[in-house]
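Here the structure comes first, spelled out in structure tokens, and everything after it is commentary.
What you see below is based on every heavy atom in this structure, not just the backbone, and it leaves out hydrogens, waters and symmetry mates. Just so it is clear: chains get the letters A, B, ... in the order the sequence lines come, proteins before strands, and each one is counted from 1.
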Amino acid sequence: MIFYLIAFGIVVTAILTIASRNSVVSALWLVACLFAQAILMVTLEAHLVAAMQVLLYAGAIMVLILFVIMLLNLTPKELKWKFIAGERLILGSGVIYLAGVMGLALWIIYKKGASFVPAAGGGTAGTVEAVGKLLLTKYALPFELVSVTLLVAIVGAILTGRGK
Amino acid sequence: MYSLVIDIIKVIVIASAVLTLIPVLIWWERKGAAYIQDRRGPNRANIFGIRLGGLIHNIADVFKLLFKEDIIPQQAHKLIYLIAPIIVMGVAVSTLAVIPFTAPVKLGDFVIKMQIADLNVGIIYILAIASLGVYGVILAGWSSNNVYSLFGGLRSSAQMISYEVAMGLALLSVIMSSGTVRLDEIAALQGINILEWNFIRQPLAFILFLTCLFAETNRNPFDLPEGESELVAGYHTEYSSMKFALFFMAEYAHIIVGSMILVSLFFGGWQIPFLSTEFMHDNMNALLKLALPVVSVSSIAAGVLLMRRTKKFGWGDARDFEPLVFGLPAVIFGFIIGIAAVFSIYLNEYAVSIITAAAQGAIFLVKTLFFCWLFIWVRWTLPRFRYDQLMKLGWQIMVPLALINIIITGIVISR
Amino acid sequence: METIFADRKEILEKALFLRDKEKFDFMMDLCGVDYLGCARERFEVVYHLFSSANNKRLRIKVKVPENNPEVQSVSSVWKAANWFERECFDLFGIKFSGHPDLKRILLFEEFVGHPLRKDYPIDKRQSIPTPVDLRKNNREGFWINFGPSHPATHGTFRLMLKLDGEKIEDAIPEIGYLHRCFEKEAEDHNYAQVIPYTDRLNYCSSLMNNVGYSMAVEKLMGIKIPERAKYIRVLISELSRIIDHLIAIGTNVVDMGGLTNYWYTFNVRELIYDWIEKICGARLTTNYTRIGGVMRDIPAETFKYIPWVLKKLDRAISDVTGLLVKNRIFLDRTRFIGAISAEDAASFGYTGPCLRAAGVAYDVRKAFPYYHYDEFDWDVPIGENGDTYDRIMVRFEEMRQSARIINQVLEKMPGGPIMTGDYRAALPPKASVYSTIEGLMNHFKLIMHGMTPPAGEVYSFTEGANGELGFYIVSDGGPKPYRIKVRPPCFAIYQAYPELIKGHMIADAVAVMGSLNVIAGELDR
Amino acid sequence: MEYIVLSVIIFCIGVAGILLRRNLIIILMSVELMLSASNISFVAFSKMHGNLDGQAVVLLLYVLAACEAAVGLAIIVGLFRLKGSVDIQLFRDLKK
Amino acid sequence: MILGLLQHISIQNLIWLICLLPLVSSCINWLLSASSSKLPSKAANSLASFVGISGPLLAFFSALIVFWVLTGIENSEAFAITGPLYQWIGFGGWSIDIGLRVDQLSLVMALVVTGVGTLIHIYSIGYMRGDDGYPRYFAELNLFLFFMLLLILADNLILMFVGWEGVGLCSYLLIGFWFSDIEKAKAGKKAFVVNRIGDFAFIIGIFLIWKMLAGQPIVGGSPLNFETLERNAAFLLPIATPVCIALFIGACGKSAQIPLYVWLPDAMAGPTPVSALIHAATMVTAGVYMIARLNFLYVLSPLALNIVAYTGAATALFAATIGLTQRDIKKVLAYSTISQLGYMFLAEGVGAFGAGIFHLVTHAFFKAALFLGAGSVIHALHGEQDLFNMGGLKKYLPGTFAVFFVAALAISGIWPLAGFYSKDEILWQVYERGYTGLWVIGFITAGMTAFYMFRATSLAFFGNLRIGEDKKHHIHESSISMLVPLVLLGVLSISGGWIKNSIGTFLEPRFASVTLEEVTHHENMEHILAVISVLWAAHWAFVAWIVYVQKPSWPEAMANKFRKIHSLLMNKYFVDEIYDAIVIKPLAWISETALWKGFDIPIIDNVGVNGSGRVVGFFGKLAAVLQTGLTPHYLFFMVIGISIVVGWLVF
Amino acid sequence: MGNNFLTTKLAEVVNWGRKNSLWPMPFATACCGIEFMGAVSSRFDISRFGAELVRFSPRQADLLLVMGTISYKEAPILKRIYEQMPSPKWVISMGACACSGGFYNNYSTLQGIDEIIPVDVYIPGCPPRPEQILQSIVKLQEKIVKENKL
């Protein structure tokens with residue numbers, strides 16, 4: 001029950017994110033969406049992930065996005081909800097098509113069964129120690145790769161953002 | 001069911017305690033500033049002649065702000081304008097959830113953790129919530145549709161993001177040396193020996209964390225987001241009445257909560273130096289025998305001194321009763337305690353537990369207030385940073401230092 | 001002072017010659033005079049030049065006809081001329097050809113007419129204006145309005161800042177929010193009545209303005225004042241320099257966020273106020289000097305009280321410097337911020353602490369000693385970089401030097417009268433008023449008619465708290481001054497403000513403004 | 001199962017955001033939305049299988065999201081400096 | 001006291017200390033350098049020199065203690081001590097540790113490096129006094145020492161490579177120390193680039209080893225550990241030759257052997273103590289050390305050994321001939337260094353690793369002495385480096401002269417100085433192992449060595465003072481801080497050779513034996529050869545003295561007579577020009593004319609790119625209708641595509 | 001709202017709060033501003049009356065202290081600031097110039113700020129002494145207590 005409540009919140013905020021006229025408001029809905037996702041993760045006993053979701057996503061990435069939005073100081077004209085010129089038809093049909101395909105896919109997955117059954121037994125509580133250990137053993141290589149990616153991204157962002 | 005009731009009680013008690021601390025701290029700031037600056041500070045407001053040294057002024061402020069016109073600027077984005085102060089205050093208070101106030105209290109079979117929520121992510125929760133604090137400021141700045149506010153918001157977001165990095169890194173070394181992320185464990189691990197507290201074991205992390213705390217609370221010398229002489233009032237320039245009061249109070253709530261975290265992490269939390277929980281538990285009656293006469297005598301002495309002041313100054317108005325109002329109860333209280341001491345009260349186990357916890361809570365409060373005072377002290381001493389200097393300090397000094405500290409910690413603990 | 005006349009079409013050439021060949025590096029003052037009906041050419045523009053190399057002064061006069069009041073602009077020669085010419089245009093309607101941005105400066109755009117012309121009635125009011133957008137056509141980029149009611153401006157300046165992030169790319173200042181028409185009011189009152197108006201020029205140190213004005217009128221009339229009056233004037237000048245610097249430093253540091261210093265500086269200021277109150281009854285606006293002397297003798301306890309105050313001052317200085325001098329934040333905030341080079345400072349007509357901070361040791365008290373300043377033992381402190389830090393430190397040091405002078409004044413203070421006996425300025429003693437007809441008549445004339453200096457002109461200057469405080473007085477022999485022009489040091493100093501802050505940050509703009517110690521009363525008059 | 005459905009829905013909303021909006025920043029946010037949709041399913045799978053691998057992967061994904069946001073925002077700022085707008089319709093240099 | 005201390009400091013820690021002490025002082029000096037603008041320069045400089053010296057000095061003492069403790073251990077196999085710190089890289093059962101290894105070989109090297117290094121640091125105080133970058137200099141020098149010690153003490157190839165690259169970096173930094181001079185900066189760049197060629201080969205060698213060992217049932221720990229390598233050398237037999245050659249190319253780069261020697265003479269642009277420490281005594285011997293370290297590999301491949309030997313001999317002769325005519329005192333010493341390094345490789349190539357290392361040690365002493373002496377001279381003459389502008393300095397710089405003279409005698413191989421023992425040992429080993437041709441080359445080179453060294457000595461210290469009047473009165477003996485290391489090195493140059501036997505036995509357990517082709521011992525022959533070579537060297541030294549002091553007109557005449565040879569030698573065989581002509585120019589020509597204009601433009605551009613472009617462009621124009629340039633549209637098509645794929649997968 | 005006991009009491013309490021928490025917004029233009037600084041300084045210490053939180057944002061201030069001459073150029077700004085303040089708000093006109101134009105009776109100066117905004121307390125003097133400022137605050141407090149608005 002609580003899942004459906006949260007899921008409803010997530011979907012609504014996600015829709016509002018892409019539907020809001022004002023990009024600041026949009027960003028705020030995204031924050032709300034991410035926050036709701038964090039709550040969902042808490043119900044899944046992924047505490048660390050939930051905390052990190054708030055810390056990194058809501059606390060850092062979204063603040064950065066907000067910062068940039070404010071820095072750019074968009075004019076009201078910019079903020080208007082506009083379609084890509086003259087192509088509503090294509091886009092509309094595309095969305096319908098997409099929705100159809102997705103719905104079909106879902107239906108098939110649904111039909112094949114496999115309802116969500118949490119695995120029995122403990123060991124799924126995402127404590128810092130457990131997840132951390134996993135990160136540094138099994139996922140050591142991805143961990144390192146991600147860190148390199150981060151470094152590259154930082155350098156790239158600085159170089160791109162520095163301008164002339 | 002019990003646990004839920006206990007949780008609710010904990011929330012109510014702790015939240016109300018902190019909210020009561022806020023006016024005290026504001027009063028302290030006003031008086032502290034006054035004493036630093038060779039003046040009196042607020043002292044005129046009174047209720048039936050009782051002034052409490054100016055503390056009453058804060059009540060007056062609250063009444064005034066509550067009944068002041070609440071302006072929402074026409075150009076503002078109304079929704080965001082309204083929720084921004086709530087976010088700020090909410091974030092400041094919700095950090096309280098993981099702070100351990102005393103050692104776990106044993107009442108028979110019950111063990112009550114003196115912590116609202118015993119999360120297994122501890123410090124990360126604090127960081128996560130603290131990182132949300134910036135929303136209030138940045139949204140307040142943006143939604144006001146005022147250039148100064150916007151500047152305040154931008155400054156604060158840049159500042160908070162930057163200092164969160166250093167803060168997280170500084171905390172990391174504490175986590176490393178403690179081997180846990182739970183605040184209650186970190187507090188308990190530090191033990192009763194002052195020399196084993198984290199501010200001795202991690203001095204660099206302590207200094208870094210303290211500095212970041214100043215930045216996160218937007219206090220001088222990091223008060224650029226509001227920087228009066230530059231940005232009028234910064235991000236809350238357009239706020240009035242109670243919404244402004246929320247910002248105002250949130251600043252102090254931040255200070256209190258920040259100090260509490262600082263104390264938990266670095267100053268042994270609720271640990272009373274050289275008196276372990278077990279020791280107090282076992283010897284509480286003896287300790288009380290020592291303490292009660294002292295309390296009694298000093299209370300009587302204070303009361304007598306207060307009452308004598310009445311004769312010395314005579315203003316001829318309601319103020320004259322003030323020393324009497326305080327002095328007499330003090331004397332009576334002293335006598336009661338004295339009698340209790342004479343008739344050597346004996347406490348049963350429950351009472352011992354509670355009094356132990358109370359003593360630990362009191363020492364926690366004392367430590368917290370000391371750091372609150374540090375905040376005030378620094379505010380009235382240092383000039384403000386400039387934006388680029390602030391950024392430079394954050395990224396070029398604090399972050400490398402924190403990294404070095406982590407490396408050193410790593411080397412030390414890997415031995 | 002040497003006076004030469006120049007043609008309005010050749011003044012630029014002449015100015016260039018004077019600057020490059022004769023080394024007149026400072027243009028101290030530029031003002032217009034309206035000789036309505038007195039002379040063939042209605043207007044005259046008067047330039048006061050100063051050569052720091054030769055320690056020489058020069059006055060140039062340019063006659064301007066009424067029908068085509070146009071003079072060549074010298075703003076390309078001396079940067080200071082820019083605003084002085086704008087002011088002259090604003091008040092007299094004299095156009096300066098070649099001026100980069102000739103528009104009103106003290107008054108608002110909608111104002112009709114030019115108030116300092118003799119045919120403009122003093123109380124002819126015009127409607128309340130609407131605030132203007134200073135950006136005009138230049139709306140590109142991110143602009144922010146600063147003032148006039150902004151905490152950092154302490155009074156009434158307005159700035160438009162063009163920002164790139166926090167960095168200031170451009171700044172447009174606007175002044176005139178405290179234009180109280182000192183000069184027009186002065187023309188409307190007799191000589192003695194002008195003294196209270198001078199109080200409100202630089203209201204942080206009114207005593208010095210009194211001294212400067214009285215000295216100018218005495219010079220005009222050729223009155224010698226008694227020795228004791230001279231010493232008293234030195235004493236009050238230096239005391240008011242101290243209180244002025246105390247305010248400047250206190251508020252400057254407040255602007256940088258260091259609040260407590262302000263209370264420390266103000267404590268001493270209050271002590272000095274106490275003494276000022278004893279000599280004249282007022283704290284701020286003193287009206288203490290009289291033409292020919294001072295109003296009243298100093299009380300006897302002065303000789304004990306002032307040294308005690310100076311000790312307190314020393315304590316306050318060490319308190320404040322203790323909080324600042326080794327403070328990294330303060331140093332980073334002030335060093336190399338808002339720096340001005342010695343050449344620029346000269347060209348902008350800087351005087352006083354701001355000039356000395358830039359490394360030029362020009363002080364009127366040393367260069368053109370008056371009132372025995374040459375007999376006292378004191379030094380002129382100078383800075384190196386002309387930045388905010390130097391300005392603050394020079395002010396600190398000047399307070400110490402003033403304290404030195406005051407101690408010597410108190411030692412050497414002679415006895416004797418405090419008012420000149422000259423009948424043209426001083427009221428006769430009561431006894432003679434009641435007993436002799438000359439006395440009675442003289443008293444009556446002075447009270448009813450006021451003193452009448454001979455026709456002529458004088459430019460007298462003293463070292464004010466912010467720099468050279470000059471009074472240019474034109475007398476037509478009547479009881480009211482025909483024209484009084486104040487040479488306000490702030491006017492020249494504030495003019496360079498946009499140059500000082502460009503490339504720095506908003507926070508620096510605030511700190512720099514505080515360090516310049518611009519006093520609106522003097523700036524806008 | 002429900003978690004997967006939720007994840008797909010969020011993902012589709014993200015795609016729709018990218019397709020329909022012209023504001024580059026909102027497009028970027030839609031991308032973040034899509035990423036976070038995958039996080040949900042990862043965590044759900046983690047719970048389903050009773051191990052923590054999914055959560056570990058999510059943590060790595062956060063870092064990637066941060067990278068993406070940093071670079072994306074830098075590019076947006078650069079584009080804004082270029083054209084003074086973040087309207088994607090202005091950036092049709094692929095055509096020209 | 002020390003014993004008490006030692007009980008607390010385990011020997012492993014001490015080994016780390018050797019390495020880390022210079023790093024610590026380097027870090028402090030970097031900080032000083034970074035903040036030197038805020039400190040009074042005098043205080044900063046004295047602090048910098050104190051810190052800069054104490055690092056190497058303490059490291060030296062640590063090394064001594066280690067030496068002292070280790071020599072107390074009887075069992076020579078137990079001699080090797082490794083101090084692993086932690087696992088650095090680990091994957092799939094493989095791991096590379098950060099660990100140090102002290103055995104006889106590395107200990108000898110460490111002693112030499114820290115000892116000579118300390119002396120040169122002390123010397124630098126005087127030499128660099130008043131330089132703007134004083135703390136930076138010490139920081140870089142200390143950093144170099146750290147990397148050098150890392151190279152020496154590393155217990156695996158990867159960490160050694162880290163040190164290898166690190167010293168390269170420091171060399172680059174220090175050659176270009178006065179980077180505001182564009183020529184000097186260029187010299188640094190040249191050294192860096194040339195070294196990269198060698199390093200590339202080196203890393204290929206490492207990869208080869210790795211590739212070979214991967215999947216093999218190796219015994220022991222990490223496969224790139226020297227110990228494991230030694231134990232499992234048999235697995236490497238199939239690729240021993242390519243590996244050894246690749247590694248040797250790396251050594252050639254670092255140790256300035258043909259054909260990668262060109263950077264070393266240019267490297268003299270750095271401060272003279274740097275030349276002494278890095279480009280004479282320590283870093284350039286890294287190649288020699290590396291081959292000695294991996295001797296167990298080299299013995300697997302006689303071909304590679306022969307290449308090493310012949311390259312070494314050729315370099316020795318070649319560089320000596322160039323050295324005969326150089327005018328710049330430091331260039332002479334530089335070519336001499338190359339030549340001596342050739343000797344060392346020669347020794348190693350014939351399998352006499354011990355002799356090579358021994359020569360390395362003695363060479364470190366006398367070459368450092370020579371360089372520091374030259375530095376003293378240059379310092380005294382305010383940067384004058386041309387030999388023909390010196391002369392007669394004996395009178396002015398007696399101390400320097402004495403040391404220089406002794407060191408010149410030592411390098412020439414005059415009995416009983418250090419050079420005699422080591423060089424004689426090499427020549428004897430070469431002779432004994434049947435490489436008579438190489439022996440002849442070595443013998444000739446020895447004569448040349450004596451000649452050019454005494455040519456330099458004579459020109460600098462004997463005869464008349466040819467320097468300009470203006471510089472004359474400035475000539476002064478160096479300060480005490482410069483003189484003391486000089487004298488110490490002089491003493492070492494004299495006495496360094498007397499440890500010949502003990503060092504031989506000390507090092508023996510470290511080296512695999514090479515089967516001798518001719519196992520005959522000629523006791524007498526050794527002595528005879530020794531006497532001959534001493535006489536030979538003395539003869540040429542005397543000739544040099546005669547020619548350059550007594551008959552100053554002869555060199556001119558000789559030069560005129562053999563103009564071509566002279567100019568050939570003078571211009572260093574035009575090697576730089578040849579490189580330019582055969583490598584750079586053709587490369588440029590090929591790139592430009594053949595590849596770009598000949599192939600790129602007509603074929604790739606016109607036919608390939610533009611041609612296909614035109615074809616595609618034609619269709620593209622047809623398709624361009626769909627191309628709006630708007631990202632969302634492209635995304636839309638992408639989404640449709642994905643949907644199709646997903647749909648296909650699902651159904 | 002009816003005038004019953006409860007609202008009267010509430011009004012009293014609120015007035016008591018307002019009285020003791022007068023946060024000033026200094027609109028200092030000239031000499032009087034210096035004397036206001038004097039009133040803030042240690043000797044006079046305006047903070048004793050709870051008026052120390054000098055707010056430079058009109059939104060947060062209760063008391064507009066107009067200090068110094070107001071010229072015609074400045075007048076619209078003063079008016080704007082007054083309008084930006086949330087009610088209840090009070091104005092103290094400090095000094096002769098602000099009250100009446102003082103001895104500046106000319107083309108440029110406003111003859112008293114009451115021409116554009118309402119004033120609660122006038123302080124005479126040129127400039128008034130800090131004590132007068134304190135007294136004006138006391139007077140204003142007396143006035144506030146008598147007010148009956150929520």
Qualifying side chain to side chain donor-acceptor pair (under 3.5 Å) pairs with a residue from residues 60-75 of chain D, counting only residues at least two apart or across chains
A/Gln53-D/Tyr62

Non-neighbouring partners of D/Ala65 that pass side chain to side chain contact (heavy atoms under 4.5 Å, CB included), sequence neighbours left out:
A/Tyr57, A/Ile61, D/Glu32, D/Leu35

Interchain contact, D/Ile75 with chain A, by part (heavy-atom threshold 4.5 Å):
both

Using a 4.5 Å cut-off on heavy atoms from C-beta on, say whether the side chain of A/Leu56 contacts that of D/Leu59.
no

Within residues 30-39 of chain A, residues adjacent to chain D where the heavy-atom gap is under 4.5 Å
A/Leu30, A/Cys33, A/Leu34, A/Gln37

Closest non-hydrogen atom pair, A/Ala157 against D/Ala74:
O-CB, 3.4 Å

Donor-acceptor contacts under 3.5 Å from residues 5-20 of chain D side chains, at least two apart:
| residue | atom | partner | partner atom | Å |
| --- | --- | --- | --- | --- |
| D/Ser7 | OG | D/Ala37 | O | 2.8 |

Side chain to side chain, D/Val63 and A/Thr149, heavy atoms closer than 4.5 Å
no

Go through the steps to decide whether D/Leu61 and A/Val146 satisfy the test side-chain contact (heavy atoms from CB on, under 4.5 Å), and finish with yes or no.
CA-CA 9 Å; D/Leu61 275 179; A/Val146 160; over 6 Å; no

So for D/Val58, is it side chain, backbone, both, or neither that comes closer than 4.5 Å to the heavy atoms of chain A?
side chain

Spatial distance of atom CG (D/Leu28) from atom CD1 (A/Ile65) [nearest 0.5 Å]
5.0 Å

Sub-4.5 Å side-chain heavy-atom contact between A/Met41 and D/Gln55:
no

